[in-house]
Amino acid sequence: MLRKINITNAGFLLLIQVNLLVFCHKPTEPIRLWMTAPPEVAKTAAVYGEIRNPYKTDVEIQTIVSNGYKTVDFHETSLDESSGITRMRKLDYPILLKASETIELVRSGKHLMLYDKLHHSGKLDLKIQFSNGESQTVVVEEKEL
């Protein structure tokens, strides 16, 4: 035997489902960056995290500009097999990001290097300029090791 559904109860169930969808669904952030707090006297810093391509097509990162440092470079740390020495080298812009690709920024791998600290207080912002003319500003989170 089928029961008739009370329209009020059906309305409440619908509202609950909508609230769960809206408030519990956490969209993925295409760019998440973090750094350890550098000492006050330090003129350089390293930034880690991940940069996901937020577009459905291939794009290039043309430049990254900081509100707290004069220069932001991509670097990659790699081990020289023949000598056993770890070396860090600068990667030149533009940096290709294929559709749905993620660049992992990690210690002893690819990372961002920030040079020539400016007299800046407050949150560190990085503005990433893409080849399609769009840009994204990301607040760099400070973490403890």
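Because only heavy atoms are used, hydrogens play no part in the values below, and waters and symmetry mates are left out as well, while side chains stay in. For reference, positions follow the sequence shown, starting with 1. Keep in mind that this is a model prediction, so the values were computed, not measured.
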Legend entry - Ser131 OG to Gln62 CD distance, which is reported to the nearest 0.5 Å: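 These two atoms lie 5.5 Å from each other.
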Inset, instruction - Enter the distance from Ile64:CD1 to Thr137:OG1 here, rounded to the nearest 0.5 Å. - result: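 Between atom CD1 of Ile64 and atom OG1 of Thr137 there are 11.5 Å.
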Student check: side-chain heavy atoms of [X] and [Y] closer than 4.5 Å:
X: Lys123; Y: Glu141; answer: no
X: Leu114; Y: Leu112; answer: yes
X: Arg107; Y: Tyr48; answer: yes
X: Leu126; Y: Val65; answer: no

Legend entry - Smallest separation among heavy atoms of Met113 and Thr44, with atom names: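 Residues Met113 and Thr44, closest heavy atoms: CE-CB, 4.5 Å.
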Inset, instruction - Might you point out which heavy atoms bring Gly68 and Ser66 nearest each other, and give the distance in Å? - result: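 Heavy atoms of Gly68 and Ser66 come nearest at N-OG, 2.9 Å.
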Inset, instruction - Just say parallel, tilted or perpendicular for the rings of Tyr55 and Phe130, cut-offs at 30° and 60°. - result: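 Plane angle over 60°, so perpendicular.
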Legend entry - Residues which pass side chain to side chain donor-acceptor pair (under 3.5 Å) with Glu104, listed by chain and number, not counting sequence neighbours: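 Listed in chain order: nothing, the list is empty.
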Inset, instruction - Report the residues that fulfil side chain to side chain donor-acceptor pair (under 3.5 Å) with Glu142, sequence neighbours left out, ordered by chain and then residue number. - result: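 By the side chain to side chain donor-acceptor pair (under 3.5 Å) rule, Glu142 matches no residue at all.
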Just distance, no hydrogens or angles: give the donor-acceptor pairs under 3.5 Å from side chains in residues 89-103, sequence neighbours left out.
from   : atom 1 : to    : atom 2 : distance (Å)
Arg89  : NH2    : Glu76 : OE1    : 3.2
Tyr93  : OH     : Val72 : O      : 2.8
Glu101 : OE1    : Lys98 : N      : 2.7

Inset, instruction - Examine distances only and state if a side-chain atom of Gln129 and a backbone atom of Glu134 form a donor-acceptor pair shorter than 3.5 Å. - result: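 Confirmed, Gln129 side chain pairs with Glu134 backbone.
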Inset, instruction - Starting from the C-alpha separation in whole Å, work towards a yes-or-no answer on side-chain contact (heavy atoms from CB on, under 4.5 Å) for Trp34 and Val47. - result: CA-CA 6 Å; Trp34 64 272; Val47 174; over 6 Å; no
[X]: which residues meet the side chain to side chain contact (heavy atoms under 4.5 Å, CB included) condition with it, sequence neighbours left out?
X: Lys70; answer: Asp116, Leu118
X: Asn67; answer: His120, Leu124, Asp125
X: Thr77; answer: Thr86, Met88, His111
X: Ser108; answer: none

Legend entry - Any residue meeting ring-ring contact (aromatic ring centres under 6.0 Å, His included) with Tyr69, in chain and number order, not counting sequence neighbours: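 Partners of Tyr69 under the ring-ring contact (aromatic ring centres under 6.0 Å, His included) test: none.
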Inset, instruction - Report, as yes or no, whether the 6.0 Å neighbourhood of atom NZ on Lys110 holds more than 12 heavy atoms from other residues, nucleotides or ligands. - result: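 Count not over threshold, so no.
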